[in-house]
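Here the structure comes first, spelled out in structure tokens, and everything after it is commentary.
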Amino acid sequence: MNVALALLAAVFFSACSTAGHQPDLAADERAIRELAARWQKALLERDAATQAAMFAEDGVSYHDGEEPLVGPAAILEWEKKAVTRHPRAKITSTTKELRIAAAGDMAIQAGEGQLTDLGDNGDDHTVRKQRFVTVWKKVDGQWKVAHDIAVNTAW
């Protein structure tokens with residue numbers, strides 16, 4: 001995963017331009033980490049609306065065995081169904097790496113997480129471990145998710 005992330009980052013960062021201004025990368029990192037914390041809170045509270053609002057209008061969410069979801073409306077519908085199917089699920093994530101483009105307009109976040117307490121009553125306590133990659137982009141000065149994918153690594 002680290003090799004793939006490094007290659008993705010190299011291509012990603014080489015495509016970004018620094019023309020015009022010098023961004024405050026420390027402020028950008030704080031902003032993304034705050035958004036990630038808000039997203040984590042929404043996951044634990046099963047708040048589908050807040051989760052969907054993290055995405056850009058053309059943002060894409062990828063899930064195992066599903067077609068990609070494009071845009072907040074599609075993501076909201078999927079998350080609402082997930083809340084109905086797994087109302088007591090506990091979903092946690094930890095950022096292991098955050099890289100911000102020199103232009104301050106895109107970033108890559110990578111980490112790991114786990115899901116537990118799945119099913120109608122939260123009776124399935126199997127720990128499902130995941131790794132994730134989230135690509136953030138600035139839209140009108142605000143950080144939004146451009147792409148988000150999580151893959152199961154162990155059951």
Side-chain angles (χ1 to χ4, degrees), residues 1-18 23-83 85-86 89-116 118 126-155:
M1 174 105 172
N2 285 340
V3 172
L5 183 60
L7 288 172
L8 180 62
V11 170
F12 167 76
F13 290 124
S14 68
C16 296
S17 168
T18 58
D24 184 346
L25 299 181
D28 288 329
E29 180 171 346
R30 282 190 305 275
I32 292 171
R33 288 187 183 279
E34 287 171 11
L35 287 167
R38 188 179 314 152
W39 196 352
Q40 176 61 57
K41 184 174 186 271
L43 286 167
L44 289 172
E45 293 176 354
R46 311 301 288 138
D47 179 351
T50 297
Q51 293 176 61
M54 294 286 169
F55 285 80
E57 286 302 314
D58 60 349
V60 183
S61 179
Y62 303 90
H63 297 271
D64 289 339
E66 302 279 337
E67 287 296 316
L69 303 169
V70 180
I75 294 161
L76 176 61
E77 289 308 308
W78 193 92
E79 292 296 347
K80 283 180 177 177
K81 289 177 188 173
V83 168
R85 287 190 310 265
H86 308 289
K90 290 186 178 64
I91 306 167
T92 60
S93 63
T94 303
T95 298
K96 296 293 185 182
E97 187 170 1
L98 180 58
R99 296 183 184 192
I100 300 170
D105 58 350
M106 296 195 73
I108 298 173
Q109 173 190 11
E112 57 191 28
Q114 64 182 32
L115 296 103
T116 58
L118 299 179
T126 304
V127 175
R128 291 163 176 84
K129 294 183 179 185
Q130 294 187 321
R131 300 238 181 213
F132 72 88
V133 175
T134 303
V135 177
W136 296 85
K137 68 179 181 176
K138 272 196 182 165
V139 177
D140 298 326
Q142 300 297 312
W143 287 103
K144 293 288 188 175
V145 174
H147 292 272
D148 180 63
I149 186 168
V151 294
N152 292 317
T153 58
W155 294 87

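In this chain, residues are counted from 1 in sequence order.
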Considering all heavy atoms, the nearest [X]-[Y] contact:
X      : Y      : result
Val60  : Pro68  : CG1-CB, 3.7 Å
Ala150 : Gln130 : CB-OE1, 3.8 Å
Pro72  : Ala56  : CD-O, 3.3 Å
Leu25  : Ala102 : CD2-O, 4.1 Å
Asp58  : Lys137 : OD1-NZ, 2.8 Å
Pro23  : Gly104 : CG-N, 3.7 Å

Quiz item: Passes side chain to side chain contact (heavy atoms under 4.5 Å, CB included), Leu43 versus Thr92? Steps please.
Solution: CA-CA 7 Å; Leu43 286 167; Thr92 60; over 6 Å; no
Atom pair [atom1] ([X]) and [atom2] ([Y]), whose distance is rounded to the nearest 0.5 Å:
X      : Y      : atom1 : atom2 : answer
Phe55  : Thr134 : CZ    : OG1   : 7.0 Å
Tyr62  : Asp148 : OH    : CG    : 9.5 Å
Arg30  : Leu98  : CZ    : CG    : 12.5 Å
Gln114 : Thr94  : CD    : OG1   : 8.5 Å
Thr95  : Glu112 : OG1   : CD    : 10.0 Å
Gln51  : Gln40  : CD    : CD    : 9.5 Å

*Look at Lys138 together with Asp28 and state whether they make a salt bridge at an N to O cut-off of under 4.0 Å.*
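A salt bridge is present here (some side-chain N lies under 4.0 Å from a carboxylate O).
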*Show the numbers, then the answer: is there a side chain to side chain contact (heavy atoms under 4.5 Å, CB included) between Met54 and Arg38?*
CA-CA 9 Å; Met54 294 286 169; Arg38 188 179 314 152; 3.8 Å; yes
If we ignore hydrogens and angles and just use 3.5 Å, is the side chain of Lys80 paired with the main-chain N or O of Ala49 as donor and acceptor?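 Absent.
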Check whether Arg99 reaches the backbone of Ala110 with its side chain - one donor and one acceptor, N or O, closer than 3.5 Å.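 No, Arg99 side chain to Ala110 backbone: no donor-acceptor pair under 3.5 Å.
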Worksheet entry | Test log, rule side chain to side chain contact (heavy atoms under 4.5 Å, CB included), inputs Leu35 and Lys144 | CA-CA 9 Å; Leu35 287 167; Lys144 293 288 188 175; over 6 Å; no
Item to check | side chain to side chain contact (heavy atoms under 4.5 Å, CB included) between Trp136 and Val145, worked out | outcome: CA-CA 4 Å; Trp136 296 85; Val145 174; 3.7 Å; yes
